Protein chains: 2
Amino acid sequence: MNISTKVMGRLARYRALLTDYFPKEKTHIFSHDLAAMMGLSASQIRRDLMCLGYFGVPRYGYEISELVKHINNVLDASKLHHVAVVGAGNLGRALMTFLESRRATLKIVAAFDDDPDKANRVLNGVPCFHMDLVEEVVKRDDIRIAILCVPGAVAQRVTDLLVKSGVKGILNFAPVPIRIPVGVVLEEIDLTSALERVAFFTNNRANAPKEKRHADR
Amino acid sequence: MNISTKVMGRLARYRALLTDYFPKEKTHIFSHDLAAMMGLSASQIRRDLMCLGYFGVPRYGYEISELVKHINNVLDASKLHHVAVVGAGNLGRALMTFLESRRATLKIVAAFDDDPDKANRVLNGVPCFHMDLVEEVVKRDDIRIAILCVPGAVAQRVTDLLVKSGVKGILNFAPVPIRIPVGVVLEEIDLTSALERVAFFTNNRANAPKEKRHADR
DNA sequence: GAAACGATGTGAAATCTTTCACATCACAAG
DNA sequence: CTTGTGATGTGAAAGATTTCACATCGTTTC
């Protein structure tokens, strides 16, 4: 089964919802109910769950603990990944706090910044190093994934350094597109354009895409 | 012309790239070059630009200033929107700083938080109010868009309050899906699942989606 | 035990997005 | 003026994603 980025992202969100925000006393759930909570269609939920190799029982729905176990399985949740935050400005530090302890298998083990005042300190619970030490620390701590929060002007340069040091996956928050060599995984989150999208469709309802996620579904 | 969410997001990014990170002395650009910078195909760029009603000239490419003007036009960039950040924790405050002054037409005019210590102060350049004042301030300042950065447990409750107060668009960073009534626009950014996506495809190259954005393109 | 129910799993259709391929066009060169 | 060049604009194909529709099956009810 080939899992697309979209399916993969939804599976992660199903798991988060079921493990963190679902009544503990419930043991089963219907595709229909999960759909309502997620703001998706029931058939889409079922289609996604088909990737898991776990099957629900008609009339009973899906057993939540099994479902979570199978999602973990497919998402390889047992492997521990070391993650670095690169650029310890406001956004970088906020992400350290936000992401820490949210997924046990994704551990933020280092931060890097250009500012000498930030180096050699513990920021938001994460040891911070000067950018000059990227290559050394990335190799030493086996850091495979970087969260990039540096200014746009240096984003490409820092990316090249990270890749050279052995980083295999980058989550980019810098407001410019970056280039990576084959074999490195890139995910970009453009916060500005996300806000602009909301603004656009807010006063432009005519152009709005198909409505989803409405309360009275 | 019906502009999809995806096209809309890319147009915003083209504009950001051209206005903020492109040599000022260049007056024209080819679809091919913009594609290389964005990590997309040239035909996709041309297809997107077709939505603008502005046409490039063969052999010369697109005139940058005209292109930006037409993107502004389509994205309604002349309208000023008042935005509120709801939840002034680490992430909320970082977003205030990050997003402020990035787009002149999207102005963050207020922040809200439950914590009485944060109320009635100016945080990161934005006046902060207690959550009890949401309805009053949203109406008073004509706030149409909210950036939601509250803990998952209260996200739905706060959303309902925002909608009741007249907010028409929500950018949700809380780690749970939220429900909105018809007529309100919602965009969700799930930071945790974004990081998980990177992690997944990083040690799972076999499943990786079609490669894009590689340096040697 | 048989029938009804109400959920799942899934082939096929519909829809949305991207890419291909090439006609067309503006300019440059001869 | 004519031809060649190297871009654009776009119909149509290909590909990806979502939805539809219904066969199927485990449970409950009678």
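Computed from a predicted model, the values in this text were never measured in an experiment. Below, each value reflects all heavy atoms present in this structure, side chains not excepted, and no hydrogens, waters or symmetry copies. Order of the sequence lines fixes the chain letters, A, B, ..., with proteins taken first and strands second; residue numbering starts at 1 for each chain.
- Protein atom CD1 of A:I29 is 17 Å distant from nucleotide atom C1' of C:dG6, rounded to whole Å.
- For the pair B:R102 and B:F98, the cation-pi criterion (under 6.0 Å, within 45° of the ring axis) is fulfilled.
- Put simply, CZ on A:R47 and OG on A:S31 are 12.5 Å apart, with the number rounded to the nearest 0.5 Å.
- A:H32 places its NE2 atom 14 Å from the P atom of D:dC20, with the value rounded to the nearest Å.
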What would the secondary structure line of DNA chain D be in dot-bracket form, counting Watson-Crick and G-U wobble pairs under 3.5 Å, with [ ] for pairs that cross earlier ones and | for pairs with another strand? ||||||||||||||||||||||||||||||
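- Under the 4.5 Å side-chain criterion, counting only non-hydrogen atoms from C-beta, A:V83 is not in contact with A:I143.
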Between N or O atoms, less than 3.5 Å apart, protein on one side and nucleotides 9-11 of chain D on the other: list the pairs.
residue	atom	partner	partner atom	Å
D:dG9	OP1	B:G56	N	2.9
D:dG9	OP2	B:Y62	OH	2.7
D:dG9	N7	B:R46	NE	2.9
D:dG9	O6	B:R46	NH2	3.0
D:dG11	N7	B:R47	NH2	3.4
D:dG11	O6	B:R47	NH2	2.5

Would you tabulate the nitrogen or oxygen pairs shorter than 3.5 Å linking the protein to nucleotides 3-6 of chain D?
residue	atom	partner	partner atom	Å
D:dT5	O2	B:R59	NH1	3.1

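- When atom types are taken as modelled, the side chain of A:N124 and the backbone of A:T97 share no donor-acceptor pair closer than 3.5 angstrom.
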Could you give me the CA-CA distance, side-chain angles and deciding distance for B:N72 and B:R15, then say whether side chain to side chain donor-acceptor pair (under 3.5 Å) is met? CA-CA 8 Å; B:N72 280 335; B:R15 175 176 62 183; 2.6 Å; yes
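- Under 3.5 Å, the side chains of B:Q44 and B:D48 contain no donor-acceptor pair of N or O atoms.
- At whole-Å resolution of the value, CE in B:M38 and P in C:dT19 are 13 Å apart.
- Contacts between residues 64-75 of chain B and DNA chain C, defined by a heavy-atom separation below 4.0 Å, involve no residue at all.
- Considering only heavy atoms from C-beta on, B:D114 stays 4.5 Å or farther from B:V150 through its side chain.
- Separating the CG atom of A:N2 from the P atom of D:dA16 is a distance of 9 Å, rounded to the nearest angstrom.
- Here B:R179 contributes atom CZ and A:M37 contributes atom CE; the two are 9.0 Å apart, rounded to the nearest 0.5 Å.
- Residues B:L34 and B:L17 have side chains in contact (heavy-atom distance under 4.5 Å, counting atoms from C-beta outward).
- Rounded to an integer number of Å, the gap from CD1 of B:I45 to P of C:dC20 is 14 Å.
- If you take NZ on B:K6 and CG on B:L11, they are separated by 14.0 Å, rounding to the nearest 0.5 Å.
- Distance B:M8 CE to C:dC16 C1': 18 Å, rounded to the nearest Å.
- Using the six-membered ring where Trp is involved, B:H28 and B:Y60 have ring planes that are perpendicular, over 60° apart on the 30 and 60° scheme.
- For the pair A:L40 CG and D:dT19 C1', the interatomic distance rounds to 13 Å; values are reported in whole Å.
- Checked against ring-ring contact (aromatic ring centres under 6.0 Å, His included), A:F112 has the following partners two or more places apart in sequence or in another chain: A:F129.
- When distances run from any side-chain atom of B:Q44 to the nucleotides D:dT28, C:dT19, C:dT8, the shortest one goes to C:dT19.
- Checked against side chain to side chain contact (heavy atoms under 4.5 Å, CB included), A:N73 has no partners two or more places apart in sequence or in another chain.
- The phosphate of C:dG6 (OP1 or OP2) has no side-chain N or O of A:Y60 nearer than 4.0 angstrom.
- When the C1' atom of D:dA16 is taken as reference, atom CG of A:D48 falls 13 Å away, rounded to whole Å.
- Under a 3.5 Å cut-off, the side chain of B:R144 and the backbone N or O of B:V167 do not form any donor-acceptor pair.
- For C:dT19, one of the phosphate oxygens OP1 or OP2 lies less than 4.0 angstrom from a side-chain nitrogen or oxygen of B:S41.
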